[in-house]
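Here the structure comes first, spelled out in structure tokens, and everything after it is commentary.
Everything quoted here is computed from the prediction, not taken from an experiment. Counting starts at 1 for both ligands and their atoms, in listed order. In this chain, residues are counted from 1 in sequence order.
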Amino acid sequence: MPAGRHFLQIPGPTNVPDRVLRAIDRPTIDHRGPEFQVLAKGVLEGMKRIFRTRHPVVIYPASGTGAWEAALVNTLSPGDKVLMSETGHFAALWQKMAGRLGLQVELIPGDWRHGADHAEIEKRLAADAAHAIKAVCVVHNETSTGVTTRIPLVRKAVDNAKHPALLMVDTISSLASIDYRHDEWGVDVTVGGSQKGLMLPPGLSFNATSDKALAASKTAQLARSFWDWGEMIAANANGWFPYTPATNLLYGLAEAIAMLEEEGLPNVFARHDRHAEATRRAVRAWGLEVLCANPDEYSSSLTAVVMPAGHDSDKFREAVLQHFDMSLGMGLAKLKGKIFRIGHLGDFNDLTLAGTLAGVEMGLELAAVPHRKGGLQAALDHLGEQARKASAARKAA
Ligand SMILES: Cc1ncc(COP(=O)(O)O)c(C=O)c1O
């Protein structure tokens, strides 16, 4: 075993802070007892604040894929049409799931370097005079590409087309990392997961709902049992779950919510923005390319870096793991071998970023990937400048 902590710099699961680990490391309690009721009510309310919603949030003992399925089966019927945008690997997986569940997918193709095309969404919805499309599904932050779709523009596209489709958004790699507002942005179902911005181990996932989504769930005909919102929300009202909840992960969730609120969500988002900007400065200084093609869509939770032609990103990642005990994200599906992804989300600070970028820079050298020196320094210069500004602002206040 190498000495020191492993650097888990994939874009999730992320490093679990000691406070959360300590919180989880407690005896499991009776999930039908009064102590559990207090815990459950606390995390259910807390997650409403994280999603920025006043509507019920459902917590599943499942990975994010479960919450994707829950969003679809609670609101739709066999044969319903859903409009999806091919932003990358995760959007493609959600699309595949919709097809398997018996939905008809209308797909807007994409180049995996841009977010969902809101103008095209508006066009497709405007052309759907019969309102056959029942839901528009978008991945907020495409973890496979490091591209963030601007959800308010998608909401506007639906409104401009005067279309009644539900809006469903996957925030698995943006929740508690990138600004997100379920109610204000008029989202009907938001899908979330525990293992990224929430700084928990994998194993919990979420659906934030709306009045319109809850109304749709009353008539939706897709078969569902484990995922059914109705039983869950009814039980949750009194702090209970219809089946055995992931009690110890809920201890961790309560602690994670407390940590996020101590820092303040706007500060959490600003921290992620700062680390993403510093990372991009490093990438440019190395003479490498950021995969995201539109600066308005840069992700603040991860950066995908394009490998120079003829160099395999998996070989580079292997060298980094072997020599510096750091895991970087691989290129998924058609991006395999062509990119690597730097996760800079969750329990992460300036020096974590410095260590991460130092490992990348040394790895580029070791794996003989053509690059210029000075990426780490460019990032440090930016972080230093930001620290100076923050300290001047504190003095002025
Ligand atoms: C954006 C996005 N959606 C969905 C998923 C699937 O979630 P899980 O692997 O937790 O089932 C992931 C996983 O990384 C993801 O990043």
Q | Residues in side-chain hydrogen bond (donor to acceptor under 3.5 Å, both in side chains) contact with Thr53, at least two apart in sequence or another chain | A |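 side-chain hydrogen bond (donor to acceptor under 3.5 Å, both in side chains) check on Thr53 returns His55, Asp183.
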Q.
Just checking Lys41: does its NZ atom have more than 12 heavy atoms from other residues, nucleotides or ligands closer to it than 6.0 angstrom?
A.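 Count over threshold, so yes.
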**Q.** Short side-chain donor-acceptor distance under 3.5 Å, Asn207 and Trp229
**A.**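 Yes.
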Q: Measure from the ring center of Phe241 to the ring center of His31 and say whether it is less than 6.0 Å.
A: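 Between His31 and Phe241, which both carry aromatic rings, the centre distance is not below 6.0 Å.
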Q) Pairs in or reaching into residues 376-386: which pass salt bridge (charged side-chain N to carboxylate O under 4.0 Å, His left out), with residues at least two apart or in two chains? A)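 The answer is Glu385-Arg388.
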Q. Which pairs with one or both residues in residues 308-345 pass ring pair (Phe, Tyr, Trp, His ring centres under 6.0 Å), sequence neighbours excluded?
A.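 Of all non-adjacent pairs touching residues 308-345, those that pass ring pair (Phe, Tyr, Trp, His ring centres under 6.0 Å) are Phe316-Phe340.
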Q) Can you name the residues that come within less than 4.0 Å of ligand 1, going by heavy atoms only? A)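 Answer by chain and number: Ser63, Gly64, Thr65, Trp68, Phe90, Val139, Asn141, Thr143, Asp170, Ile172, Gln195, Lys196.
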